[in-house]
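Below: one structure, written as structure tokens.
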Amino acid sequence: QVQLVESGGGLVQPGGSLRLSCAASGSIFRINAMGWYRQAPGKQRELVAVISSGGVTNYADSVKGRFTISRDNAKNTVYLQMSSLKPEDTAVYYCTADLKQTYGGPWRDYWGQGTQVTASS
């Protein structure tokens, strides 16, 4: 019933910028943290950035200073602004949200289907 849909991925040149969006929809009571993970070919999935419901952020060292995570609580949407992209940023990016569907229900993690980001010449 809950769906996370990412958009904004694509092919850019190194040094370029891209903004990813992820909108949560369906039966949602409250969303806590939201974040982005990525998985490059042959590598483990890694945390890129997270943002709390109050706007507190954390970033992987590899993207600090280049990526910015933000959210619009009214739209149940999280964004990832990526600047100064490097070839090593190439990966499938996955959106995640920690949410509960009802007041008495459990907190659960939900995931988007992923969107491809390629930084290459």
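Values below: every heavy atom of this structure, side chains too, minus hydrogens, waters and symmetry copies.
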Inter-residue atom distance L4.CG - I28.CD1, 0.5 Å rounding: 7.0 Å

Any I51 side-chain heavy atom under 4.5 Å of V78 side chain: yes

V117 side chain reached by L18 side chain, heavy atoms, under 4.5 Å: yes

Gap separating the OG atom of S53 from the CG atom of N73, nearest 0.5 angstrom: 7.0 Å

What side-chain donor-acceptor pairs closer than 3.5 Å can you find for residues 83-95, not counting sequence neighbours?
{"from": "D89", "atom 1": "OD1", "to": "R38", "atom 2": "NH1", "distance (Å)": "3.0"}
{"from": "D89", "atom 1": "OD1", "to": "R66", "atom 2": "NH2", "distance (Å)": "3.0"}
{"from": "D89", "atom 1": "OD2", "to": "R66", "atom 2": "NH1", "distance (Å)": "2.8"}
{"from": "D89", "atom 1": "OD2", "to": "R66", "atom 2": "NH2", "distance (Å)": "3.4"}
{"from": "D89", "atom 1": "OD2", "to": "K86", "atom 2": "N", "distance (Å)": "2.8"}
{"from": "T90", "atom 1": "OG1", "to": "P87", "atom 2": "O", "distance (Å)": "2.9"}
{"from": "T90", "atom 1": "OG1", "to": "A119", "atom 2": "N", "distance (Å)": "3.0"}
{"from": "Y93", "atom 1": "OH", "to": "R38", "atom 2": "NH1", "distance (Å)": "2.9"}
{"from": "Y93", "atom 1": "OH", "to": "D89", "atom 2": "O", "distance (Å)": "2.7"}

Aromatic W111 / basic R45 pairing, under 6.0 angstrom, 45° off normal: yes

Same cluster (ILVMFWY, side-chain, under 4.5 Å), I69 and F67: yes

pair Y79-L20: side-chain heavy atoms closer than 4.5 Å: no

Hydrophobic cluster identity match, M82 and Y37, side-chain contacts under 4.5 Å: no

Distance-minimising heavy-atom pair for V48 and V63: O-CG2, 3.7 Å

Side chain T96, main chain Y110, donor-acceptor under 3.5 Å: yes

Donor-acceptor contact present, side-chain E6 to main-chain G114, <3.5 Å: yes

Side-chain donor or acceptor of Q101 paired with backbone N/O of S27 under 3.5 Å: yes

Distance in Å, K100 NZ paired with F29 CZ, rounded so as to fall on 0.5 Å steps: 6.5 Å

Separation of C22 SG from R71 CZ (nearest 0.5 Å): 10.5 Å

Donor-acceptor side-chain pairing of N32 and R30 below 3.5 angstrom: no

Candidate pair V2 and L99, rule side-chain contact (heavy atoms from CB on, under 4.5 Å), full reasoning: CA-CA 9 Å; V2 174; L99 62 82; 3.8 Å; yes

Close side-chain approach of S17 and Q81, heavy atoms under 4.5 Å: yes

Neighbour count above 12 (heavy atom, 6.0 Å) for K43 NZ: no

